[in-house]
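Submitted below is the structure of interest, expressed as structure tokens.
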Amino acid sequence: MSDKKIENNTKVPKTRNFVHELVEKDLMEGRNDKRVHTRFPPEPNGYLHIGHAKAICIDFGTAEKFGGKCNLRFDDTNPSKEETEYVDSIKEDIKWLGFDWEDRIYFSSDFFDKLSDFAVKLIKEKKAYVDEQSAELISKQKGSPTRPGTDSPFRNRPVEESLDLFARMKAGEFENGAMVLRAKIDMTSPNMHLRDPLMYRIMHAEHHRTGNKWCIYPMYDYAHGQCDYFEGITHSLCTLEFEVHRPLYDWFANELADTEYRPRQIEFSRLNLTYTMMSKRNLLALVEEGLVSGWDDPRMPTLSGMRRRGFTAQSIKNLVEKVGVTKTKGMTDFALLEHAVREDLNKKAQRLMGVLNPLKVIVTNFPEDKVEMVSAVNNHEDESAGRREVPFTHELYIEKEDFMEDAPKKYFRLSVGREVRFKYAYFLTCTNVIKDENGEIIELHCTYDPETKGGNSPDGRKVKGTIHWVSATENVEAEVRLYDRLFNFEDPANEKDKDFREMLNPDSLKVLPKCYIEPFVTQMKVLDHFQLERMGYFNIDKDTTANKIVVNRTLSLRDNWAKKMGK
RNA sequence: UGUCCCAUGGUGUAAUUGGCAACACGUCUGUUUUUGGUACAGAAGAGUCUAGGUUCGAGCCCUAGUGGGACAACCA
């Protein structure tokens with residue numbers, strides 16, 4: 001009753017995309033008993049990256065939208081590249097993103113027997129044959145996209161022969177590459193994938209799940225669609241490069257099906273991010289060559305890297321939502337991701353004060369042995385986060401860049417003779433600059449106004465600037481790691497004549513070994529997010545030990561001042 | 001000498017065929033501010049790749065062209 005009213009009066013912008021429209025149409029037409037069942041099918045040969053996150057959101061999200069289910073399926077048909085380590089990391093990353101496959105976890109290898117049986121059926125129907133030619137010859141006979149292929153001499157061999165050879169392939173009688181099983185379709189098709197595609201190859205290799213049980217393994221085109229079928233998938237969502245595979249997908253499905261049910265492949269465009277390289281091959285090389293510290297290096301576009309860096313699962317999901325689902329190839333600005341992260345963290349992050357590039361300040365009129373606690377707000381965006389106490393002492397640290405000797409009048413920070421607010425504490429005025437023999441500033445002398453405790457003056461006096469600070473005696477030392485883009489090129493994958501190693505940004509990691517953070521930071525656990533006021537969002541790195549805190553800067557705050565100065 | 005896919009501000013997307021195009025990011029102004037953050041207010045920026053066609057009317061439909069992309073792994 002009132003529900004309808006709400007529906008009519010509130011404009012809830014439905015997030016609809018072309019995939020949803022196609023699914024809706026299928027539902028209206030009553031296809032597949034009006035079921036919606038999707039799957040996320042990673043190959044366990046690497047860590048998931050932000051591009052996979054898009055697919056995960058679309059696969060699980062589409063199912064959720066239509067009250068359906070989404071399976072997790074490991075597409076493990078090539079034992080030479082796949083490992084259990086990857087299976088584990090993939091599961092962890094999907095969970096972290098907040099999706100749940102419940103008990104529906106599958107492996108293509110679960111279906112090896114069924115796949116093999118179905119292959120035998122196709123042989124018997126004269127729709128598949130064993131080809132004993134070399135890979136080179138087969139490839140040559142396939143022709144080119146503009147020239148038709150020619151038939152293999154084995155194409156029309158007797159069924160019995162193929163049956164026998166396939167059985168012996170399976171039994172391990174032949175060496176790798178000795179022969180393959182091919183589907184008999186059309187060597188002159190304008191679609192290369194229909195020119196008698198390979199279904200099985202011989203590969204004597206240990207599989208991470210089936211061990212040495214098999215020495216023939218199904219190819220992607222043969223395995224994928226059939227696994228979709230076995231799992232009851234209705235909508236097989238994948239990226240654009242599989243578009244040309246769809247006729248083959250449908251061909252196999254029609255051969256296998258004995259009911260009206262048909263899975264359907266729908267393709268969408270991948271996610272590309274500026275200054276980011278998404279190819280698994282190159283990511284693997286970065287890891288193996290030690291160009292980064294591992295798959296979870298905070299500069300990596302992997303989900304584990306981004307998680308370690310401090311990006312939140314919510315922000316990644318929000319990014320995917322903002323980017324949308326289309327078939328147009330695009331390049332998403334990294335700034336959109338940054339915005340999503342800041343938007344999320346701004347609401348959630350505990351505020352702390354910390355100094356990255358310390359400059360000592362002596363408060364000459366503050367007692368040397370006194371520790372005065374001042375009250376600070378934990379999160380201005382969240383009243384319920386409460387307040388905490390921060391120690392103020394005779395010696396403090398401020399940020400080097402918060403002091404300037406000959407400051408322009410638009411500079412709102414500390415300078416000789418100027419008064420600024422030390423956030424949550426007092427107004428301080430700089431009286432003296434102490435330099436070493438090289439003229440380097442090593443220390444500032446300031447006086448504080450005891451009347452301004454908390455950061456306001458009873459006489460209504462205003463100050464233009466507010467800066468953060470940390471006690472030089474009551475603090476926690478930390479190593480802070482600052483990150484910048486890993487690549488210097490906006491679209492590294494598109495620089496065909498450059499090796500990706502040449503495109504690496506030499507300044508992508510900057511380590512500040514000695515930073516000072518207020519004592520409250522000790523309450524933070526690994527991966528906990530916080531904001532160092534004015535300096536950005538940070539989290540605790542897993543390299544943290546009992547006697548050394550290591551902190552990552554996830555992202556700086558937006559900085560209009562720096563922008564202005566940069567001009 | 002092929003088949004298929006795509007084409008809307010800088011970027012990513014939106015627009016039951018019918019009010020010379022909306023939103024987000026980014027950019028720029030201003031207001032507020034104990035973060036030069038946030039929030040708020042506002043501005044600039046496209047006439048929808050091109051040419052035809054259908055229509056009273058086209059970003060949406062049709063045709064051709066142009067540009068970009070995918071396809072010739074015993075990878076997925």
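Fair warning: this is a prediction, and the values are worked out from it, not measured in the lab. Proteins come first, then strands; the chains are lettered A, B, ... in the order of their sequence lines, and each starts at number 1.
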Nucleotide forming a Watson-Crick or wobble pair with B/U55, both distances under 3.5 Å: none

Quick check on salt bridge (Lys or Arg N to Asp or Glu O under 4.0 Å): which of A/Arg182, A/Arg157, A/Arg168 does A/Glu132 satisfy it with? A/Arg157

Look through every strand shown and name the nucleotide pairing with B/G37 as Watson-Crick or G-U wobble, where both distances are under 3.5 Å. none

Specify whether A/Phe392 and A/Trp469 have parallel, tilted or perpendicular ring planes, treating 30° as the upper limit for parallel and 60° as the lower limit for perpendicular. perpendicular

Both conditions, 6.0 Å and 45 degrees, for the charged tip of A/Arg73 above the ring of A/Tyr106: are they met here? no

P spacing across the pair B/U29 / B/U66, given as an integer number of angstrom: 45 Å

Separation of atom CD1 in A/Ile398 from atom C1' in B/U35, rounded to whole Å: 15 Å

Could you pull out the protein-nucleic contacts involving nucleotides 37-46 of chain B (nitrogen or oxygen on both sides, under 3.5 Å)?
from  : atom 1 : to       : atom 2 : distance (Å)
B/G37 : OP1    : A/Asn560 : ND2    : 2.5
B/G37 : N2     : A/Glu381 : OE2    : 2.8
B/U38 : O2'    : A/Asn346 : ND2    : 3.1
B/U38 : O2'    : A/Glu381 : OE1    : 3.3
B/U38 : O2'    : A/Glu381 : OE2    : 3.4

Atom C1', compared across B/C5 and B/A15: separation rounded to whole Å: 23 Å

Measure from CD on A/Glu321 to P on B/A14 and round the result to the nearest Å. 11 Å

With a 4.0 Å cutoff (strictly under), does any side-chain N or O of A/Thr77 reach OP1 or OP2 of B/A76? yes

Can you tabulate the close N/O pairs, meaning under 3.5 Å, that link protein atoms to atoms of nucleotides 65-73 of chain B?
from  : atom 1 : to       : atom 2 : distance (Å)
B/G69 : O2'    : A/Lys329 : NZ     : 2.1
B/C71 : O2'    : A/His193 : NE2    : 3.1
B/A73 : OP2    : A/Ser139 : OG     : 3.3

Work out how far the C1' atom of B/U50 is from that of B/G67, and round it to whole angstrom. 10 Å

Distance under 6.0 Å and angle within 45° of the ring axis: does A/Arg421 meet both against A/Phe427? no

Base B/G36 paired with A/Arg413 side chain (donor-acceptor, <3.5 Å): yes

Counter-base of B/A22, judged by Watson-Crick or G-U geometry with both distances under 3.5 Å: B/U13

Does the structure show a Watson-Crick or G-U wobble partner for B/A73, both distances under 3.5 Å? Name it, or say none. none

Roughly how many Å apart are B/G45 and B/G10, using the C1' atom of each and rounding to a whole number? 9 Å

Pick one for B/G19: is it syn, with its angle within 90° of 0, or anti? anti

Just by modelled atom types, is the A/Arg264 backbone N or O under 3.5 Å from a matching donor or acceptor in the A/Arg246 side chain? no

If only side-chain N and O atoms of A/Arg534 are considered, is one of them under 4.0 Å from the OP1 or OP2 phosphate oxygen of B/G36? yes

Identify the nucleotide, in any strand shown, that forms a Watson-Crick or G-U wobble pair with B/G65, with both distances under 3.5 Å; if there is none, say none. B/C49

Test your reading of the model: is there a side-chain donor-acceptor pair from A/His193 to the backbone of A/His245, 3.5 Å cut-off? no

Taking B/G69 as the reference, what is the distance to B/C49 when you measure between their C1' atoms (whole Å, please)? 16 Å

Just the rounded figure in Å: distance from P of B/C25 to NZ of A/Lys322. 7 Å

Could you tell me whether the side chains of A/Asn378 and A/Gln350 share a donor-acceptor contact shorter than 3.5 Å? yes

A/Gln265 and A/Glu267: side chain donor to acceptor below 3.5 Å: yes

Using atom C1' of each nucleotide, how far apart are B/C60 and B/A70 to the nearest Å? 26 Å

Write down the distance separating the C1' atoms in B/A46 and B/G26, rounded off to the nearest Å. 16 Å

Look for any protein N or O under 3.5 Å of an N or O in nucleotides 7-11 of chain B and output each such pair with its distance, or none.
from  : atom 1 : to       : atom 2 : distance (Å)
B/U11 : O3'    : A/Met331 : O      : 3.2
B/U11 : O2'    : A/Met331 : O      : 3.0

